[in-house]
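A note on names: the letters A, B, ... follow the listed sequences, proteins ahead of strands, and every chain is numbered from 1.
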Protein chains: 2
Amino acid sequence: MKITAQEEYGLRCLLQLAKLPQDQVVSVKEVASREGLSSAYVEKLLRLLSKAGLVHSLRGIRGGYALNRPSSAITLGEVVRALGTVQTTDHICNQFTGNALACTHLMDCGIRSVWSGLTIYIKHFLDSTTLDNLVGNERAVTERLAKRWV
Amino acid sequence: MKITAQEEYGLRCLLQLAKLPQDQVVSVKEVASREGLSSAYVEKLLRLLSKAGLVHSLRGIRGGYALNRPSSAITLGEVVRALGTVQTTDHICNQFTGNALACTHLMDCGIRSVWSGLTIYIKHFLDSTTLDNLVGNERAVTERLAKRWV
DNA sequence: CGCTAATATGACTTTTTTGTCAAGTATATT
DNA sequence: AATATACTTGACAAAAAAGTCATATTAGCG
């Protein structure tokens, strides 16, 4: 139960875009250098976010990436869904890897209830947090989140 | 952001032990067959739980595994910590894999705030749910959880 | 005491996830 | 129009996680 690398680094790149003044783009190279990541990797991450419709790119000599919407209109939940796998009941039950043909509890399963309860609980957190909540210094972000979740 | 395979299948095995009458053990083979998993895998999972002090084993011909404590005294949080990695701020910041020497935000990081906020939020759910909450049929478990979390 | 049914352990293989690379396409600027 | 800079794409390589195997050890039971 942890944040995947793609979610982690993808969010960082996205926050670099969130910091831009309106109508300005930033290049992959610049994002990579600000985050200490390789350009190739940042490219891959931004492409994932682009496929999910969260960012767009401009090609050519003054090209780069920018958010498709204001950062107040993008939730952490959308970001995580674009970059990683957010579990659903379907995932839990259909990706059974044991040596039986299917999970032995398909009909009646207490475990499904917990994981799906937890999934909904987490979704609530992620979907109520927007990108602009995360821009700024650590103290400010911590205070904003604390106000909501403690 | 998802449940790992070890957490998933480890919890299933543990719930098989939780269903046992007091002072009774169940063999790896039996658990494997009830869950449709291979014996080798169940062995590995129960060994992890044993190292974490949640279960104990008896060797020899009538041997097997059993819980170390009543199921009402074991939380989901303990189980997940025994089987998977529950993220901490240290993990998030020190496992930087980019090509810079360290994360560029070590001093001041809004992302750290979110992930650690989310981690605490999830921990709350996991640590407030005990194994005995998860024993029984699906409807019963769902109702128990709903009462607490909705 | 010796056989059998069970756990214990660590090395190994397979699969999935991470991260890189190389060759291609678009566009602003001169 | 040529050029340089930037995004695009799919295949590949490396690392981590999942799952298996072979061998050793323990203990009940005849």
Legend entry - Sorted by number, the residues of residues 11-37 of chain B with heavy-atom contact under 4.0 Å to DNA chain D: none
Inset, instruction - Please state how far atom CG in A:L45 lies from atom C1' in D:dC7, giving the value in whole angstrom units. - result: 15 Å
Do any N or O atoms of the protein come closer than 3.5 Å to N or O atoms of nucleotides 26-30 of chain C, and which pairs are they?
unit_1, atom_1, unit_2, atom_2, d
C:dA26, O4', A:R59, NE, 3.1
C:dA26, O4', A:R59, NH2, 3.3

Inset, instruction - Compare every heavy atom of A:I3 with every heavy atom of A:E8, then report the nearest pair and how far apart it is. - result: N-CG2, 4.0 Å
Legend entry - Distance-only polar pair, side chains of A:Y65 and A:S27, donor-acceptor under 3.5 Å: no
Legend entry - A:L58: hydrophobic cluster co-members (side-chain, 4.5 Å): A:V25
Legend entry - side chain to side chain donor-acceptor pair (under 3.5 Å) pairs, two or more places apart, involving residues 50-59 of chain A: A:H56-A:N68
Inset, instruction - Take atom CD of A:Q95 and atom C1' of C:dT17, then tell me their distance rounded to the nearest Å. - result: 14 Å
Inset, instruction - Could you list the residues that satisfy side chain to side chain contact (heavy atoms under 4.5 Å, CB included) with A:I74, not counting sequence neighbours? - result: A:L54, A:L67, A:R69, A:E78, A:V79, A:L131
Inset, instruction - Using side chain to side chain contact (heavy atoms under 4.5 Å, CB included) as the criterion, list what pairs up with B:S38, not counting sequence neighbours. - result: A:N99, B:A40, B:Y41
Inset, instruction - Would you please name every residue forming a side chain to side chain contact (heavy atoms under 4.5 Å, CB included) with B:A102, sequence neighbours left out? - result: B:L106
Inset, instruction - Go through the structure and list residues passing side chain to side chain contact (heavy atoms under 4.5 Å, CB included) with B:N94, not counting sequence neighbours. - result: B:D90
Inset, instruction - Return the value, rounded to whole Å, for the distance between atom CG of A:L48 and atom C1' of C:dT18. - result: 12 Å
Legend entry - B/S/- contact track for nucleotides 11-20 of chain D, protein heavy atom under 4.0 Å: ------SSBB
Legend entry - A:Q95: partners by side-chain hydrogen bond (donor to acceptor under 3.5 Å, both in side chains), with sequence neighbours left out: none
Legend entry - Atom pair distance, as rounded to whole Å: CG in A:L49 and P in D:dC7: 14 Å
Inset, instruction - Keeping to residues at least two apart or across chains, list the side chain to side chain donor-acceptor pair (under 3.5 Å) pairs with something in residues 127-146 of chain B. - result: A:R112-B:E138, A:S113-B:T142, B:R81-B:D127, B:K123-B:D127, B:T130-B:D132, B:T130-B:N133, B:N133-B:R148
Inset, instruction - Write out all pairs satisfying ring pair (Phe, Tyr, Trp, His ring centres under 6.0 Å) with one or both partners inside residues 97-133 of chain A, taking only residues at least two apart or from two chains. - result: A:Y121-B:Y121, A:Y121-B:F125, A:Y121-B:W149, A:H124-A:W149, A:F125-A:W149, A:F125-B:Y121
Inset, instruction - For B:E43 and D:dA24, give me the distance from atom CD to atom C1', rounded to whole Å. - result: 12 Å
